[in-house]
Structures are given as C-alpha cells and as structure tokens.
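Working notes, beginning with the structure itself.
Along the sequence shown, the residues carry numbers beginning at 1.
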Amino acid sequence: PTDYSIWVAHYDKDHDGNLPDDIFRYSDKYAAIILGPMPHSTTCKGEYSSILSTMQNTDGFPPVIHLEKISKASFQDAMEKLISNGVVAA
C-alpha cells in the first residue's frame, strides 16, 4: 500500500474542462485519482472520449475511480475499494 495523496476532482457544468493530467502521469506523488462528475468534452482527453477513458487507457496514471455523484457514501466506497485493492493503507 502506498501512503501518498489521493486526488479528488469535481467539475461542474461551468468548468472549462482543463484538467491538469500531466501532473499525474508517472508521478509518485499520487496513489489514486477519484473523479467526480465532469463534462466529457475536456481539452486534455486526447484521442479518447473522456478524461476518464484517457486515464484508464494510458500508461503511467495511478488507479482512477469515477464517482457518478460525490457523497460521503460514494467517497467511502471508493476508499474501501482502494484499501481492499492494496492501493492505500487503512
């Protein structure tokens, strides 16, 4: 298990879609990324349909969990998944 940061992103409909994906690739600073609701049309999605697909299908990104809605329960479920998969320590 890694004892690093977990990055949580939440973008509302007014956000410009710029996600700093370059800070995550091959970084040893983040153990995982938890993405909340965001537009599919982000500027950094590359050849994929969304930033989620980009991160899941491109080498060098930490594990990514997508939450349809950010709530206490969904965040807890995501953390439990990361702990059970050995990504982070309890």
Side-chain angles (χ1 to χ4, degrees):
T2 309
D3 237 357
Y4 297 107
S5 300
I6 296 170
W7 198 79
V8 180
H10 172 68
Y11 290 84
D12 61 22
K13 64 181 180 181
D14 296 324
H15 191 273
D16 65 6
N18 290 319
L19 185 66
D21 64 324
D22 58 327
I23 66 172
F24 303 116
R25 283 194 81 193
Y26 302 108
S27 172
D28 59 1
K29 184 176 179 180
Y30 300 98
I33 300 169
I34 298 175
L35 292 175
M38 61 176 37
H40 286 283
S41 221
T42 58
T43 57
C44 53
K45 65 183 179 179
E47 64 187 66
Y48 296 98
S49 61
S50 68
I51 189 63
L52 176 64
S53 295
T54 301
M55 290 181 172
Q56 290 175 329
N57 297 298
T58 305
D59 290 338
F61 284 101
V64 178
I65 295 179
H66 180 241
L67 304 179
E68 293 295 325
K69 178 182 175 185
I70 294 182
S71 66
K72 183 177 177 181
S74 66
F75 187 78
Q76 183 174 349
D77 289 345
M79 291 303 299
E80 287 173 0
K81 183 176 182 179
L82 292 171
I83 291 167
S84 69
N85 289 337
V87 176
V88 295

Between atom CG of D77 and atom CG of L82, what is the distance when rounded to the nearest 0.5 Å?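 Going from the CG atom of D77 to the CG atom of L82 covers 11.0 Å.
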Looking at [X] and [Y], what are the two nearest heavy atoms and their distance?
| X | Y | answer |
| --- | --- | --- |
| A31 | P62 | O-CB, 3.6 Å |
| I34 | A78 | CD1-CB, 4.1 Å |
| F61 | R25 | CZ-CG, 3.1 Å |

Output all residues satisfying side chain to side chain contact (heavy atoms under 4.5 Å, CB included) with S53, sequence neighbours left out; order by chain, then residue number. Y48, S49, S50, N57
In short, side chain to side chain donor-acceptor pair (under 3.5 Å) pairs touching residues 79-88 with sequence neighbours left out are Q76-E80
I'd like to check the side-chain hydrogen bond (donor to acceptor under 3.5 Å, both in side chains) partners of T58; sequence neighbours left out, ordered by chain and number.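 T58 satisfies side-chain hydrogen bond (donor to acceptor under 3.5 Å, both in side chains) with no residue once adjacent residues are dropped.
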